[in-house]
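Since the structure comes first, as structure tokens, the remarks are kept for the end.
Hydrogens, waters and symmetry mates play no part in the numbers below; they use all other heavy atoms, side chains included. Along the sequence shown, the residues carry numbers beginning at 1.
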Amino acid sequence: MEINILLVDDSAFMRQILKEKMAEIDGLNVIATARNSQEAFQKIKQFNPDLITLDIEMPGMNGLETLKVIKASCDIPVMMMSSLSGKEITIEALEAGAIDFIEKPADIRNQGESFKKQIEFVMKQFFNRTQEMTAPRINDEGSIQAKSRPNAVRALVIGASTGGPRALLQVMKNLPEGINVPIFIVQHMPKGFTASFAQRMDAVSPVKVTEAYDGMPVEGGKAYVAPGDYHMTVKNRRIQLSQADKIHGVRPAVAHLFSSAAESYGSRLIGVVLTGMGKDGTEGLKKIKTNGGYTFAQDKESSLGFGMLGNAIQNTVIDEVVNLEELTDALNQVLGGRK
């Protein structure tokens with residue numbers, strides 16, 4: 001399958017670099033380029049691409065504003081090209097409907113090969129999306145055995161990837177006030193962006209949300225976000241960070257967090273896996289189930305990517321599959337608090 005891509009970037013140099021790197025990746029075809037939003041709108045009508053890569057920082061109408069116009073007029077997936085200087089806008093773009101983002105390296109001349117690998121990793125996940133969303137599952141939602149929801153929860157762990165920021169914001173925004181359990185979150189996101197994402201969640205959530213640091217004490221009623229490029233685990237009511245090898249190509253990994261939390265909280269742990277491509281999380285969910293905890297998965301219909309979810313369901317490590325709105329109601333029920 002060949003993916004036809006429209007590149008939108010105000011820098012001629014960056015357009016050329018992107019075009020060259022994507023040409024080296026099987027399955028990618030840069031069908032057209034644009035230097036600003038107006039050109040982009042014209043090229044979308046002219047070429048009808050399968051995917052749009054959109055620069056965050058452009059003169060005139062910036063990437064976020066351009067994204068909103070695109071999403072209002074068509075359903076073509078948009079992937080942001082971002083830098084640390086535009087990290088706040090990047091988070092807003094994910095909230096506004098961008099499927100993901102790729103971080104531009106600070107030194108493109110000397111980091112070109114690693115940049116290409118990043119493009120390939122993210123894009124190949126996109127390639128697999130159609131198959132992940134439509135492939136039949138050996139164990140689908142209907143075959144999951146009914147199990148009573150717990151009523152004495154000590155902690156909540158949440159893992160997400162592609163599409164996760166929007167889903168997480170909805171979940172965190174709708175939590176009831178007065179929750180007294182800690183919440184631990186892994187969202188696949190590069191270093192430097194997770195702090196801004198934590199701040200965005202903190203702004204809408206009734207609980208305090210913060211990016212975790214190594215040795216940080218765990219308190220009830222607070223949410224801890226794994227920083228980009230660090231695995232996060234919990235032990236003896238403290239956060240532990242490490243740069244151990246990536247799992248399924250990602251760091252932080254959902255699997256590490258879930259496994260450690262299962263050991264710390266046992267049968268009084270809730271595990272939630274949200275939208276995301278790839279396979280991360282299944283082993284951690286298995287550990288939660290083995291230790292008597294309860295697990296939720298977001299359903300296919302409300303997910304942008306179903307890879308992580310489908311893999312978990314197929315491996316029978318999910319107790320309940322629910323859509324995003326039902327999930328917030330379920331968490332309110334098991335966590336208590338005041339709504």
Glu320 vs Arg149, salt bridge (charged side-chain N to carboxylate O under 4.0 Å, His left out): CA-CA, chis, key distance, verdict
CA-CA 9 Å; Glu320 198 169 343; Arg149 291 175 179 172; 2.5 Å; yes
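- Inspection of the Asn311 and Thr282 side chains reveals an N or O donor paired with an N or O acceptor under 3.5 Å.
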Please lay out, stage by stage, how Glu103 and Ser82 fare under the test side-chain hydrogen bond (donor to acceptor under 3.5 Å, both in side chains).
CA-CA 5 Å; Glu103 183 182 4; Ser82 185; over 6 Å; no
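- In this structure, the side chains of Leu269 and Val157 come closer than 4.5 Å at one or more pairs of heavy atoms.
- Proximity of a side-chain donor or acceptor of Glu326 to a complementary backbone N or O of Asn323 within less than 3.5 Å is detected.
- Taking the charged nitrogens against the carboxylate oxygens, Glu219 and Lys222 do have a contact shorter than 4.0 Å, which makes a salt bridge.
- A cation-pi contact, defined as under 6.0 Å to the ring centre and within 45° of the axis, is absent between Lys87 and Phe193.
- Under a 3.5 Å cut-off, the side chain of Asn174 and the backbone N or O of Gln170 do form a donor-acceptor pair.
- Side-chain atoms of Gln38 and Gln42 include no donor-acceptor pair closer than 3.5 Å.
- A donor and an acceptor atom, one from each side chain of Asn29 and Asn4, are located under 3.5 Å apart.
- Taking both residues in full, the closest heavy atoms of Leu285 and Ala312 are given as CD1-CB, 3.6 Å, listed atom of the first, atom of the second, then distance.
- The number of heavy-atom neighbours closer than 6.0 Å to NZ of Lys116, taken from other residues, nucleotides and ligands shown, is above 12.
- Here the closest heavy-atom approach between residue Thr316 and residue Lys289 is recorded as O-CE, 4.1 Å.
- Connection of Phe47 to Leu28 is not established within any shared hydrophobic cluster, with ILVMFWY side chains joined at heavy-atom distances below 4.5 Å, either directly or through further cluster members.
- Residues Thr295 and Phe258 form no side-chain contact, since every pair of their non-hydrogen atoms from C-beta on lies 4.5 Å or further apart.
- Considering all non-hydrogen atoms of both residues, Phe197 and Pro165 come closest at CZ-CA, 3.6 Å.
- A side-chain donor-acceptor contact under 3.5 Å links Ser260 to the backbone of Val234.
- Residues Ala93 and Ile56 come closest through the heavy atom pair CB-CD1, 4.3 Å.
- Closest non-hydrogen pair, Lys43 versus Ala34, comes out as CG-CB, 4.4 Å.
- Under a 3.5 Å cut-off, the side chain of Gln298 and the backbone N or O of Thr275 do form a donor-acceptor pair.
- Between Thr194 and Pro227, the closest heavy-atom pair is OG1-CA, 3.4 Å.
- Note: the hydrophobic cluster containing Ile31 does not contain Ile119 (ILVMFWY, side chain heavy atoms under 4.5 Å, direct or indirect links).
- Formation of a donor-acceptor pair under 3.5 Å by the Gln187 side chain with backbone atoms of Ser161 is found in this model.
- Using a 4.5 Å heavy-atom cutoff, the side chains of Met79 and Ile102 are in contact.
- Contact of the Leu51 side chain with the Leu6 side chain is not registered, since no non-hydrogen atoms from C-beta on lie closer than 4.5 Å.
- In this structure, Glu39 contributes its side chain and Arg35 its backbone to a donor-acceptor pair below 3.5 Å.
- Counting heavy atoms from C-beta on, the side chains of Met277 and Met308 never come closer than 4.5 Å.
- For the pair Thr33 (side chain) and Leu7 (backbone), a donor-acceptor distance under 3.5 Å is absent.
- Listed by first and then second residue, the salt bridge (charged side-chain N to carboxylate O under 4.0 Å, His left out) pairs that reach into residues 228-242 are Asp229-Arg251, sequence neighbours excluded.
- In this structure a side-chain-to-backbone donor-acceptor pair under 3.5 Å is missing from His256 to Met232.
- Side-chain heavy atoms closer than 4.5 Å link hydrophobic residues (I, L, V, M, F, W, Y) into clusters, and following such links, even through other members, never connects Val254 to Ile247.
- Within the 4.5 Å cutoff, the side chain of Tyr213 has no heavy atoms near those of the Ile239 side chain.
- Between Asp202 and Lys208, at least one side-chain N (NZ, or NE/NH1/NH2) sits under 4.0 Å from a carboxylate O, which counts as a salt bridge.
- Within the 3.5 Å criterion, the main-chain N or O of Leu241 finds a donor-acceptor partner in the side chain of Asp214.
- Side-chain atoms of Leu331 and Val272, non-hydrogen and from C-beta on, do get closer than 4.5 Å to each other.
- Thr66 is not listed as a side-chain neighbour of Val8, based on a closest heavy-atom distance of 4.5 Å or more.
- Under the rule for a ring-ring contact (aromatic ring centres under 6.0 Å, His included), Phe41 has no partner lying at least two apart in sequence or in another chain.
- Within a 6.0 Å radius of NZ in Lys71, more than 12 heavy atoms belonging to other residues, nucleotides or ligands are found.
- Listed by first and then second residue, the ring pair (Phe, Tyr, Trp, His ring centres under 6.0 Å) pairs that reach into residues 55-90 come to none, sequence neighbours excluded.
- In this structure, Asn62 contributes its side chain and Leu64 its backbone to a donor-acceptor pair below 3.5 Å.
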